[in-house]
Amino acid sequence: MEIQVHAANEWTVSADTVLILPAFEGERPATPLEISAVTAVREEGVFTGKAGQTSLLPRAADCRGVLLLGLGGRGECNAETFRRAAGKAAGELCRYRADRAALFIAEGFPASPEAFIEGLVFGQYEFTRYKKPAEPPSVPIARLDIVAEDRDRVDVTACELARHETANANWARDLAHRGSSDLTPTKLVGEATTMAAEVDCGVEVLDQEKLEALGMGALLSVGQGSEEPAWLVTLSYTHPQAKRTVALVGKGITFDSGGISIKPGQGMHEMRYDMCGAAAVLGAMKSICQRKPPINVVCVVPAAENMPDGRATRPGDIVTAYNGTTIEVHNTDAEGRMILADALAYTTEQHKPNAIVDVATLTGAAIVALGHFAAPVMTPDDRLWAQLEAAGDTTGERVWRLPLWDEHDQLIDATLGDIANIGPKGEAGTIVGGAFLKRFVGDTPWAHIDIAGMAWNVKHLPYWNPSHATGYGVRLLTEWVAREAAEGAR
Ligand code: BES
Ligand code: MN
Ligand code: ZN
């Protein structure tokens with residue numbers, strides 16, 4: 001999708017363009033052209049400007065059509081309102097088979113076009129790898145003209161970044177949708193190294209033999225029930241003016257059967273998405289390498305498949321993690337925290353980052369707590385929390401803090417090992433995951449984001465297809481890193 005920005009008074013509409021007019025409830029839609037039909041739909045009460053409402057007027061004015069886009073009250077309109085409306089617009093344009101659109105931004109409009117671009121790029125997403133070609137094929141939007149009354153207030157670079165970074169989130173969604181036999185741990189690592197070469201960042205791959213030599217007993221214990229070997233891949237981005245290093249760590253379970261503590265059959269196929277934490281940090285890394293903030297970033301992905309087998313870890317086994325902590329495995333289905341334990345300890349020791357954020361589809365309890373409306377964040381660090389909350393505000397990826405109290409630590413007390421990998425059933429399941437991970441980061445400022453509820457099945461956002469993975473985290477982490485870089489530069 002090519003984007004061009006124009007001053008409204010220097011722009012003329014072309015016959016193949018759909019003109020998009022954002023409109024507020026109780027106001028006459030602002031328009032650069034005189035369009036009698038716009039007044040008519042309002043007067044007939046067909047279109048009131050309510051948030052989520054759309055009205056497509058075919059062949060109005062001298063163009064293919066006019067799309068009225070309801071935003072609700074002007075006072076409540078923010079980036080997320082606009083992003084959601086753009087998701088609706090993507091659907092309308094697709095149904096109308098339009099390949100060219102122009103977005104009108106009137107003087108004093110309260111949101112910036114970046115949010116619209118994000119919603120539009122998300123809203124057009126399709127995953128067709130396993131489908132026979134659609135007949136007729138769908139029509140992507142090839143060209144978006146941004147027509148602004150105040151041309152100087154449109155940041156062209158920010159528009160281009162929004163387009164690229166949303167495309168990177170869609171790339172993460174592509175990884176998520178791959179079947180688990182089509183995206184094994186080996187192939188996930190392959191995708192990471194290919195991407196690293198494309199964006200020119202450093203890469204280190206640890207194979208099973210090296211993991212053994214390093215003593216990554218927790219990661220290996222998860223992978224040992226699978227025919228597929230486990231891996232740990234690290235991408236690194238460096239900037240000559242960097243004063244700090246931050247780390248992103250993502251759970252890369254390409255399939256989670258539960259292992260010997262096997263999951264029920266219903267819904268098990270969704271565990272193809274158990275690598276969405278990995279996809280999020282990889283997508284963010286792709287964006288960071290393009291945006292080039294003045295900070296160093298390491299991105300670490302432990303990858304494994306959790307399967308039941310004669311060689312699989314048994315409940316009751318005790319394994320030793322990279323930092324020497326022994327873990328009593330009470331449930332092989334709590335595998336995400338096992339692979340993250342080694343990845344976090346390794347990241348802490350090898351890279352000594354100033355801050356670490358890990359992202360994982362860690363607990364079903366996160367969905368019990370917050371539904372599909374926000375990702376729980378656990379961190380002992382108030383500054384880190386403030387940064388993540390602000391980043392989520394900017395990108396529309398909502399986060400919500402849960403506590404990590406000392407009392408929670410007791411929930412993973414073990415009899416034979418140092419800690420157990422689960423707590424008592426039904427007690428603070430999401431926080432127990434966080435309390436477990438906390439044992440592997442030492443004193444490093446760290447936050448854990450549980451994306452179990454946000455990685456797929458999000459049904460209330462028009463720009464995310466409810467039956468698809470979301471790419472949640474890609475834009476959030478990119479924004480967080482940019483904020484860390486700006487803070488370090490001060
Ligand atoms: N990958 C799952 C968590 C999950 C479940 C994410 C459903 C999204 C939807 C994770 O590995 C898991 O199985 N967690 C267990 C933890 C329990 C054994 C303490 C869970 O949530 O039941
Ligand atoms: Mn599991
Ligand atoms: Zn899992």
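Sequential numbering from 1 along the given sequence is applied to the chain's residues. Remember, it's 1-based here, ligands and their atoms both numbered in the order they're listed.
Short contacts between ligand 1 and Glu335, defined as distances under 4.0 Å to a heavy atom of the residue, involve ligand atoms 11 (O). Using a 4.0 Å cut-off to heavy atoms of Lys251, the atoms of ligand 1 that qualify are 1 (N), 10 (C), 11 (O). Of all atoms in ligand 1, numbered sequentially from 1 with element shown, those under 4.0 Å from a heavy atom of Thr361 are 1 (N), 2 (C), 3 (C), 6 (C). Atoms of ligand 1 found under 4.0 Å from any heavy atom of Ile422, numbered from 1 in the order shown, are 19 (C).
Checking Lys251 against the Zn ion (ligand 3), an N/O/S atom falls under the 2.8 Å cut-off. Coordination check, Asp274 versus the Mn ion (ligand 2): failed, since every N/O/S atom of the residue sits at 2.8 Å or beyond.
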One pair to check against ring-ring contact (aromatic ring centres under 6.0 Å, His included): Phe373 and His460. What are the steps and the verdict? CA-CA 8 Å; Phe373 305 111; His460 68 293; 4.8 Å; yes

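Among the atoms of Asp333, some N or O lies under 3.5 angstrom from an N or O of ligand 1.
For the salt bridge (charged side-chain N to carboxylate O under 4.0 Å, His left out) test with Glu487, the passing option among Arg383, Arg244, Lys243 is Arg383; the others fail.
Under the 4.0 Å distance rule, the nearest protein heavy atom to atom 14 (N) of ligand 1 falls inside the cut-off.
Only the side chain of Lys263 comes within 4.0 Å of ligand 1, judged by heavy-atom distances.
With no hydrogens or angles considered, a side-chain donor-acceptor pair links Thr326 and Asp418 at under 3.5 Å.
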